[in-house]
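Predicted, not measured: the structure shown is a model, and the values here were computed from it.
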Amino acid sequence: MGQAFLTLGSAITVLMIISGLLIGRARNALSGKDKLIVVWMLVCAGIHIVLEGYFSFNHGTLAGKKTVMADLWREYAHSDSRYLTSDPFTVIMEGITAVFDGSFAIVTAYGILADSPIRHPAQLMTSLAQLYGDVLYFATNYMDNFRYTNPHPMYFYGYFVLMNLPWVIIPTYLIVDSCKSIYRGMLIAQRATSVKKAA
């Protein structure tokens, strides 16, 4: 199991290095906040597309597979048994996350790096999808009295809560950030339109 976590950590490190290289080639100098958002989005894209995509395509045969990715999912299943039972909600949620959240995370990173107006709509959609998926993930388990979740503190708090908490906290912050930016942009456009009408 140590090798699986080492592989995951190495993959995330590579994504962070790639993010750093792309940030260095960005069209404009980025703020520290925007640099962190690019790293977050590209790491999320890798996790969503590769790791969660793997689960979506292999959920039915995961228990018997001898791959690092299968090892990671079997280990995570100690905290949530739905990952080894092909639970329909979990399979569908992870599939949607892989395709849509992963794709929009890449578009968001591109929007920041290219200084494109697509940035905030993509950031808003990505973050809403991530938050919505995590809320449903926690809520469905809660509604079933956490019967899928191992009560051992390492698995419940370490895996189930802490491994998912970033996808509640960070998207919430990014939703507010995008809403503020979209509001400011619309306010500027509205004022410019009013000035043109008055002239």
Are [X] and [Y] linked, directly or through other ILVMFWY residues, by side chains that come within less than 4.5 angstrom of each other?
X	Y	answer
Leu30	Val107	no
Met125	Ile49	no
Ile169	Leu162	yes

By the side chain to side chain donor-acceptor pair (under 3.5 Å) test, which pairs, at least two apart or in different chains, include something from residues 104-118? Asn28-Asp115, Thr108-Thr126
Does [X], at its [atom1] atom, have more than 12 non-hydrogen atoms belonging to other residues, nucleotides or ligands within less than 6.0 Å?
X	atom1	value
Tyr132	OH	no
Met69	CE	yes
Tyr157	OH	no

Using 0.5 Å steps for rounding, measure from the [atom1] atom of [X] to the [atom2] atom of [Y].
X	Y	atom1	atom2	result
Ser10	Leu6	OG	CG	4.5 Å
Thr140	Asp144	OG1	CG	7.0 Å
Ile12	Ile47	CD1	CD1	4.5 Å
Gln123	Ser181	CD	OG	7.5 Å
Phe89	Asn141	CZ	CG	9.5 Å

Closest non-hydrogen atoms of Leu22 and Leu113, given as atom of the first, atom of the second and distance, are O-CD2, 3.6 Å
Test applied, ring pair (Phe, Tyr, Trp, His ring centres under 6.0 Å); reference residue, Phe160; option that passes from Tyr137, Tyr148, Tyr142: Tyr137
Could you identify which residues cluster with Tyr183, counting Ile, Leu, Val, Met, Phe, Trp and Tyr as linked when any side-chain heavy atoms lie under 4.5 Å apart, either directly or through a chain of such contacts? Leu187
Quick one: hydrophobic cluster around Phe57, which other residues, with the 4.5 Å side-chain cut-off, linked directly or via members? none
Looking at Trp167 and Gly133, would you say the former's side chain and the latter's main chain have a donor-acceptor pair under 3.5 Å? no
Scan the side chains in residues 33-45 for donor-acceptor partners under 3.5 Å anywhere in the protein, sequence neighbours excluded, and list what turns up.
unit_1: Lys33; atom_1: NZ; unit_2: Asp177; atom_2: OD1; d: 2.7
unit_1: Asp34; atom_1: OD1; unit_2: Arg119; atom_2: NH1; d: 3.3
unit_1: Asp34; atom_1: OD1; unit_2: Arg119; atom_2: NH2; d: 2.8

For [X], what residues pass the side-chain contact (heavy atoms from CB on, under 4.5 Å) criterion, not counting sequence neighbours?
X	answer
Thr90	Phe55, Arg82, Tyr83, Asp87, Glu94
Thr61	Asn58, Lys65
Thr7	Gln3, Val68
Leu21	Ile17

Applying side chain to side chain donor-acceptor pair (under 3.5 Å), can you list everything that pairs with Ser19, at least two apart in sequence or on another chain? none
Among residues at least two apart in sequence or on other chains, which ones pass side chain to side chain donor-acceptor pair (under 3.5 Å) with Asn164? Tyr76
If we only count heavy atoms from C-beta on, is the [X] to [Y] side-chain gap below 4.5 Å?
X	Y	result
Val161	Phe156	yes
Gln190	Met186	no
Ile188	Arg191	no

Who pairs with Tyr155 by ring-ring contact (aromatic ring centres under 6.0 Å, His included), at least two apart in sequence or on another chain? His78, His152, Tyr159
Donor-acceptor pairs are to be reported for all side-chain atoms of residues 96-105 against protein atoms at under 3.5 Å, with residues two or more places apart or in another chain.
unit_1: Thr97; atom_1: OG1; unit_2: Met93; atom_2: O; d: 2.8
unit_1: Ser103; atom_1: OG; unit_2: Val99; atom_2: O; d: 2.5

